[in-house]
Structure formats: structure tokens, C-alpha cells
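Heads up: the structure comes next, in C-alpha cells.
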Amino acid sequence: QKEVEQDPGPLSVPEGAIVSLNCTYSNSAFQYFMWYRQYSRKGPELLMYTYSSGNKEDGRFTAQVDKSSKYISLFIRDSQPSDSATYLCAMSPYNFNKFYFGSGTKLNVKP
Amino acid sequence: DTEVTQTPKHLVMGMTNKKSLKCEQHMGHRAMYWYKQKAKKPPELMFVYSYEKLSINESVPSRFSPECPNSSLLNLHLHALQPEDSALYLCASAHKTRPDNSPLHFGNGTRLTVT
């Protein structure tokens with residue numbers, strides 16, 4: 001079993017839709033949770049970074065962490081064609097060098 | 001543009017060549033990383049430097065040789081590579097201040113093709 005599971009998609013939605021991206025994990029030692037957006041032929045760009053359970057909002061993006069269920073989500077409101085990219089979740093234990101990535105979900109927002 | 005700069009952006013090399021990838025950051029981060037990413041796959045950790053010392057080597061073949069000359073620079077020396085080593089090589093950095101952790105900040109990578 002992988003430490004981080006993420007549905008690879010592709011996920012196709014119309015412009016303006018609310019998008020929900022999810023990851024599950026098995027290691028209860030994970031304390032830090034990140035979401036990255038990666039456009040084709042570019043490096044991953046940090047979107048959201050959370051430590052505790054609960055919600056964190058930044059503009060159109062909301063990150064949600066449920067440590068009891070070992071489940072994290074990224075919500076994108078009013079999705080735009082420019083949001084079309086691959087979204088990677090990542091997580092790490094407390095005070096540790098290694099980061100564990102999901103396989104990435106490819107999102108396509110249609111105009 | 002990212003705050004982690006990688007050069008070159010593209011590199012084509014033969015199996016007998018020696019080349020180097022370079023990475024630079026000026027965010028004061030003290031942890032630096034090399035990742036390898038194949039198409040449609042997540043980044044795969046290769047090496048971690050913490051305070052300029054190699055702290056993690058993920059059993060990477062010796063034809064890849066990392067170097068961290070100072071806290072801002074990270075190199076990856078390449079020698080006698082194989083075609084299957086063709087990939088996007090990503091550099092990343094993190095603040096790494098105890099006891100807190102911090103997220104990775106990636107560069108845009110070097111797209112390497114081995115012929």
C-alpha cells in the first residue's frame with residue numbers, strides 16, 4: 001500500500017464549477033500537508049500549506065485536513081481554464097526531511 | 001517565476017558525456033533537495049542536503065553525484081548516464097528551522113534527454 005493515495009483523474013469540469021481534489025494517507029505521523037499545482041513542463045508550485053486539522057482558505061482555494069480520517073482535500077471555487085494543471089498533494093512527518101507525494105490529479109477546466 | 005533557479009532549462013547529452021545541473025536559492029533555506037520526475041509521475045526524491053551536509057541519499061546510482069558548495073547553491077554532476085535517466089530534474093529548498101518544518105519550494109527543473 002502506498003503511503004499517499006491520490007486519484008490520478010483526469011478530472012474534467014466546466015468553467016465556474018467547484019472542484020474537489022482529495023488524498024488519503026496511512027501514516028499517522030504525517031503532520032504537514034501541502035498542495036502543489038504543476039503546469040506542463042514546469043516545476044510544482046506551492047498552493048497551500050497546512051499543519052493542523054481544519055480548513056485554510058486562500059482566495060479561491062480551500063485546503064481541508066481531517067487527521068482522524070487521514071484525509072485531505074483541496075477545493076477550488078469558480079474554477080478557471082487557467083486552473084487546468086496537475087495537482088499534487090504532499091505531506092511530511094514532524095521535523096523530518098522527507099516529503100511524500102500523491103501521484104497527482106490532472107484537472108481540465110473547459111471554457 | 002520561482003525563487004529557486006535552475007540551469008540549464010534543457011540539456012541533451014550522450015551516454016559518455018559529463019555535465020552538471022545547477023540550482024540556486026536566496027531565500028535563506030538550509031535544506032536543499034534533488035528530485036527526478038518522469039512524465040505523469042510524482043517527483044521522486046534523490047538527495048537531501050541539510051545545512052550543506054548530505055543527509056539523505058535514496059540509493060541513487062553513482063553516475064549521479066550531488067554537491068552543495070554553500071547554503072545557496074546545489075549541483076548535480078552527471079556522468080555515463082543511461083537513456084532511462086531522461087527526465088525532469090527538479091531542485092527544491094525548504095527553510096528547515098527546528099522544531100518547525102516548512103514546505104518545499106521547487107524550481108522549474110532541467111529537462112534532461114540522454115541519447
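Predicted model, so just to flag it, every value in this text is computed and none were measured.
For A/Y51, no part sits under 4.5 Å from any heavy atom of chain B, backbone or side chain. When heavy atoms are compared at a cutoff of 4.5 Å, B/L104 approaches chain A by way of both its backbone and its side chain. Using a 4.5 Å cut-off between heavy atoms, B/E58 contacts chain A through its side chain alone, with no backbone atom that close. Contact of A/Q38 with chain B is made through the side chain alone, with heavy-atom distances under 4.5 Å. With a threshold of 4.5 angstrom between heavy atoms, B/E44 does not approach chain A through any atom at all.
When only modelled atom types and interatomic distance are considered, A/E5 and A/T24 share no side-chain donor-acceptor pair under 3.5 Å.
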Worksheet item: Please walk me through it: do B/H77 and B/S20 pass side chain to side chain donor-acceptor pair (under 3.5 Å)?
Response: CA-CA 4 Å; B/H77 303 296; B/S20 296; 2.6 Å; yes
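Highest contact tally toward chain B, considering only A/S40, A/G104, A/G102, is held by A/G102 [criterion: heavy-atom pairs under 4.5 Å].
Classification of the A/F101-B/Y35 ring pair by plane angle, with boundaries at 30° and 60°, yields perpendicular. Ring orientation note: the planes of A/F33 and A/Y25 are tilted relative to one another, at an angle of 30° to 60°. Below 30°, between 30° and 60°, or above 60°: for A/Y32 and A/Y49 the angle between ring planes is below 30°, a parallel geometry.
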